[in-house]
K.L.:
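Mind having a look at this structure? Questions to follow.
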Amino acid sequence: MIVSGFKPRDHILNRLIDVYCKSSNFSYAHQLFDQIPKPDIVARTTLITAYSAIGNLTLARKIFNETPLSMRDTVCYNAMITGYSRNNDGYASIRLFCEMRQGGFRPNDFTYTTVLSGVAQIVDAEKQCQQLHCAVVKSGTGFATSVWNALLSVYVRCASSPLVSSSSLMGEARNLFNEMPERDELSWTTMITGYIRNEDLHAARELLDGMDERMEVVWNAMISGYAHHNSFQEALLLFRKMRTEAKPTVDFSLSVNNTLLTLYYKCGKLDEARYIFNNMPVKDLVSWNAILSGYVSAGRIQEAKSFFKEMPERSILTWTVMISGLAQNGLGEEAMTLFNQMRSEGFEPCDYAFSGAITSCAALGALEHGRQLHAQLISLGFDSSLSAANALITMYARCGVFKDANSVFLTMPCIDSVSWNAMIAALAQHGHGVQAIDLFEQMLKADILPDRITFLIILSACSHAGLVKEGRHYFSSMRVCYGISPDEGHYARMIDLLCRCGEFTEAKGLIESMPFEPGGPIWEALLAGCRTHGNMDLGIQAAERLFELVPQHDGTYILLSNLYAAIGRWDDVAKVRKLMRDRGVKKEPGCSWIDVENMVHVFLVGDTEHPEVQAVYKYLEQLGLEMRKLGYLPDTKFVLHDMESEHKEYSLSTHSEKLAVAFGLMKLPLGATIRVFKNLRSCGDCHTAIKFMSRVVGRDIIVRDAKRFHHFRNGECSCGNYW
DNA sequence: ATAGGGTTAG
C-alpha cells in the first residue's frame, strides 16, 4: 500500500547514500546520487560531509552549489563550513558564514563552533574574532555555553600567537569571560590556562581565588601551570588545598569529561587523564579514542597496544591512531599488519589511515609497497589529501627517490608548513644543505610561517653544510622574528654546528647562556664535536656529564671508556668496564649498533696490546663476533668490520657516504648478504646508502632481514611483495 | 545529516 505523494524508493535511495559514505564507498555514493531524480537535503549534506572529510572540497562545493537556495538549511551550511575549517581554509569558512547570514539563514551553536575553529588558523584572526564576537552578542542569548567557550578559546589562542600583540587580547578575552551568560568548568580552565600561557601566573591565581565553586579541574589547570613554570612549592600547596576543598571531577557530563581527557593528555598529564577515564560513570568511543591517542602520543606504545585490544568497539579513527602510533615508534611491520587487518575487518581506510601505512613504508624503506599505496590513494580519490601527500613526500625522500618526493610536492592542490618542512628535510637528508636553505627562503617568501620543526631542520642543514654564519643568523631569528624560543633540540643542533667548525668557546658560552639545565642531547652534541676535533679534555667533561645523566644508555659506557682509552687513562677505562659488567650491559643484535662501532674506535686510538683492549676483544668474541679491521678512511676514522666471515654477513651503520666508500674499498664477495639491524632509526637512510653503493660498486646487492629481500641494482631497489 | 577523538615534518 502506497500513500499518495510518498515515494518509498526515493526515500530509500537517499538513505543509501549515507550507507555508502559510512563504508567509504564514495564513488558508489556519487553514482547513486546522480541517479536519484530529486536528492533530498539530507543526502546532499551527507555527501558534502563525506567529501569534506576526505579533503575533496571541489566536489563538496559542487554539490553545495547545485543545491537550490529554497532547499538549503542551516545544517547544510554547517557541513560546508566545517569542510573549510577542517581543511585549514579559515577565510573560505568565514566567507560562507557571511553568505549564509546574508541569505537569511540563522546560524546555530554548531555554526559558531565550527567557524571559530577555522578562524584560529588565520593571520587576522584577531579582527575576525571580534566580528564573530559581535555576531554572537547580537544574535541574542540563546547560545550554548560551548559557543562562548569556543569564542573564548580563540581569543586565548590568538593571544599566545607570536603574530599579534597579546596584552590587549587577554583583556578582550577577560571582558568576554565576564559578559558570558554562564560559565562552566571549561570556561574557567580556558581563561586560567590562557593567563598561564601568557606567563601571567598572578592573574591566573587571582581568577582562581575569585571562584565561587571550587572545581577540581580548574585547580588542576593552575597546578599544572605552576609546575610548568617550575613553581613546585606553590603547586604543592595548592594541591594540598585542593584535596580538602575542591569538588571532584568524576561527576561531570560525558562531553565535558571527554574534553578534559583530551586537555590532560595534551599537556602531558596522561596518568591524570587515565584516572578520570577510570572513574567516568559513562564512557563512549570518543573517551576510549582520547586515551588511546594519549598513550600513542606519549610514545607508551606497549600500553597503547593492550588498551587497543581491550576496546569494546573501534572506529576508523581508532585504527588510524594505532597504525600511525606503531609506525612512528619503529614498528613498521606491525603497523602494516594492522592496516591489513583493518581492511579485512571491513573498514575502508580513510586518508589518515593511509598516511600511517605510508609512514611505516618510509620506516621500513619499502619503496615498492609505498608506490602501491600511492596508486591506491589515487584510485580512491584521496590524492588531494594533505596528510597523505605529506606522508608520501617523506616516504619517497626516505627511500631515496627525491624526484618522486618533489613531484608530489609540486602537484599538491594545497600545501602547508608540514609539506614545506618535509621537502626541506628531504633536501637536507640528501646532503643538499644549501638547497635546503634556498627552499626555506622560498617558504618565507610564500608567507608560510616556519615553526619549531622547521628550525630544527634548518639548523641541521647548516650543520651538515658547515654554514656557521647562516646557522647563527637563523638561530637568533627564530625568537626575534617568529617568537619561537629555542628548545633543547635547537640548542643541541646549534652546539653541534659550532663544534663541527671548532668553535668550542662559543659552544661553551652558549651552553652557559641556556635558560635551562643542559641535558643529554646537549652533551652528546658537544661530545661528538670533541671527538672529530680530538678535543679530549672537553670531550671527557661532556662524556662524564652524559654518563651521570643517562647511565641507562649502553652507548654512554662505551663512549666514555673509549675517550679514556684515547688519552691512556686505563684505570678509568677499567672502572667503566666494571660498571658496565655489573649492570649487565650486553651486546646483542637488538642493541645499538653504534656501541660496537665505538668499541672498535678504541683499537684505533689506543694501544691494542693493552690488557683492557684485549678484554674488549674477548668481550666481543664472546658474542660471536670475530672482529677484523678491514680498512678505514684516515680522515674520518671510519671503520667497517665484517661479521663471521663464513656467514658472509656484513653490518651497516647509518653513515651513508662513509659507508658507501668503505664498501667500495672492501670488495664485497659475490652473494654476500647484508644484515640490516632492526633498531636502526631510519632504515630508509640505509637504503639510500646501499643504492648508492650498488651504483658505485657496479654489482647487485641483496639485503635480507627476517621477512623479506630487497634487491639493489644500479642505484635502484626492488622488493618482494610480502603483504 | 552538522561538533567532540585523529594525520603528515626532526
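Heavy atoms only: backbone and side chains are in, while hydrogens, waters and symmetry mates are out. Here is how names work: the chains are called A, B, and so on, in the same order as the sequence lines, proteins then strands, and each is numbered from 1. Computed from a prediction, not measured in an experiment: that's the story for all the values here.
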K.L.:
Hey, is the main chain of A/Ser419 close enough, under 3.5 Å, to the side chain of A/Asp416 for a donor-acceptor pair?
P.N.:
yes

K.L.:
From C-beta outward on A/Arg493, which listed nucleotide comes closest to its side chain: B/dT8, B/dG5, B/dG10?
P.N.:
B/dG10

K.L.:
Across the strands shown, which category fits A/Thr113 at heavy-atom distances under 4.0 angstrom: base, sugar-phosphate, nothing?
P.N.:
nothing

K.L.:
Nearest-Å distance, CZ (A/Phe105) to P (B/dT2)?
P.N.:
19 Å

K.L.:
Regarding A/Ala425, tell me which of base, sugar-phosphate or nothing describes its non-hydrogen contacts under 4.0 Å with the strands shown.
P.N.:
sugar-phosphate

K.L.:
Does atom OH of A/Tyr28 have more than 12 heavy-atom neighbours from other groups under 6.0 Å away?
P.N.:
no

K.L.:
For the pair made of CD1 in A/Ile448 and C1' in B/dA9, what is the distance, rounded to whole Å?
P.N.:
14 Å

K.L.:
Given B/dG6, B/dT8, B/dG5, identify the nucleotide with an atom nearest to the side chain of A/Ala391.
P.N.:
B/dT8

K.L.:
Of all the choices, B/dA9, B/dA1, B/dT2, which nucleotide is nearest to the side chain of A/Ile41 once you look at every atom?
P.N.:
B/dA1

K.L.:
Quiz question: going by heavy-atom distance under 3.5 Å, is there a donor-acceptor pair between the base of B/dT8 and the side chain of A/Ser355?
P.N.:
no

K.L.:
Please report the distance, rounded to the nearest Å, between CZ in A/Arg452 and C1' in B/dT8.
P.N.:
15 Å

K.L.:
Give one of base, sugar-phosphate or nothing for A/Asp451, where a contact means two heavy atoms less than 4.0 Å apart.
P.N.:
base

K.L.:
Can you measure A/Trp319 atom CH2 to B/dG6 atom C1' for me and round it to whole angstrom units?
P.N.:
15 Å

K.L.:
If you only use heavy atoms from C-beta on, which nucleotide in B/dG5, B/dT7, B/dA1 is closest to the side chain of A/Ser315?
P.N.:
B/dG5

K.L.:
So what does A/Thr114 touch, heavy atoms closer than 4.0 Å: a base, only the sugar-phosphate, or nothing?
P.N.:
nothing

K.L.:
Counting the atoms with a prime plus P, OP1 and OP2 as sugar-phosphate, which does A/Ile393 contact under 4.0 Å by heavy atoms, base, sugar-phosphate, or nothing?
P.N.:
nothing

K.L.:
Once you measure the plane-to-plane angle for A/Tyr482 and A/Phe455, does it fall in the parallel (<30°), tilted (30-60°) or perpendicular (>60°) bin?
P.N.:
tilted

K.L.:
Between A/Asp109 (CG) and B/dT2 (P), how many Å, whole number?
P.N.:
16 Å

K.L.:
Rounded to the nearest angstrom, tell me the gap between atom NE2 in A/His490 and atom C1' in B/dG10.
P.N.:
9 Å

K.L.:
For a quick check of understanding: with a heavy-atom distance under 4.0 Å over all strands, which category does A/Thr359 fall into, base, sugar-phosphate or nothing?
P.N.:
sugar-phosphate

K.L.:
To the nearest Å, how far apart are A/Met71 CE and B/dA1 C1'?
P.N.:
13 Å

K.L.:
Taking the side chain of A/Leu456 as its heavy atoms from C-beta onward, which of B/dG10, B/dT7, B/dG5 lies nearest to it?
P.N.:
B/dG10

K.L.:
Counting heavy atoms from C-beta on, name the nucleotide in B/dT8, B/dA1, B/dG6 closest to the side chain of A/Val321.
P.N.:
B/dG6

K.L.:
Looking only at side chains, do A/Thr74 and A/Arg106 share a donor and an acceptor under 3.5 Å apart?
P.N.:
no

K.L.:
Residues in side-chain hydrogen bond (donor to acceptor under 3.5 Å, both in side chains) with A/Gln376, at least two apart?
P.N.:
A/Arg343

K.L.:
Between B/dT7 and A/Gln328, is there an OP1 or OP2 to side-chain N/O distance shorter than 4.0 Å?
P.N.:
no

K.L.:
Heavy atoms from C-beta onward define the side chain here; which of B/dG5, B/dG10, B/dT7 lies closest to that of A/Ile457?
P.N.:
B/dG10

K.L.:
Categorize A/Asp284 for me: base, sugar-phosphate, or nothing, with a 4.0 angstrom heavy-atom threshold over every strand shown.
P.N.:
base

K.L.:
Side chain of A/Ser293 only, heavy atoms from C-beta on: which candidate in B/dG6, B/dT8, B/dG10 is closest?
P.N.:
B/dG6

K.L.:
How about A/Ile393 and A/Met412: do any of their side-chain heavy atoms sit closer than 4.5 Å?
P.N.:
yes

K.L.:
Can you name the residues that form a salt bridge (charged side-chain N to carboxylate O under 4.0 Å, His left out) with A/Glu66, not counting sequence neighbours?
P.N.:
A/Lys62

K.L.:
Side chain of A/Val286 only, heavy atoms from C-beta on: which candidate in B/dG6, B/dG4, B/dA3 is closest?
P.N.:
B/dG4

K.L.:
I want to verify a distance call: between B/dG10, B/dG5, B/dT2, whose nearest atom is closest to the A/Asn108 side chain?
P.N.:
B/dT2

K.L.:
Rounded to the Å, how far apart are A/Leu386 CG and B/dG6 P?
P.N.:
17 Å

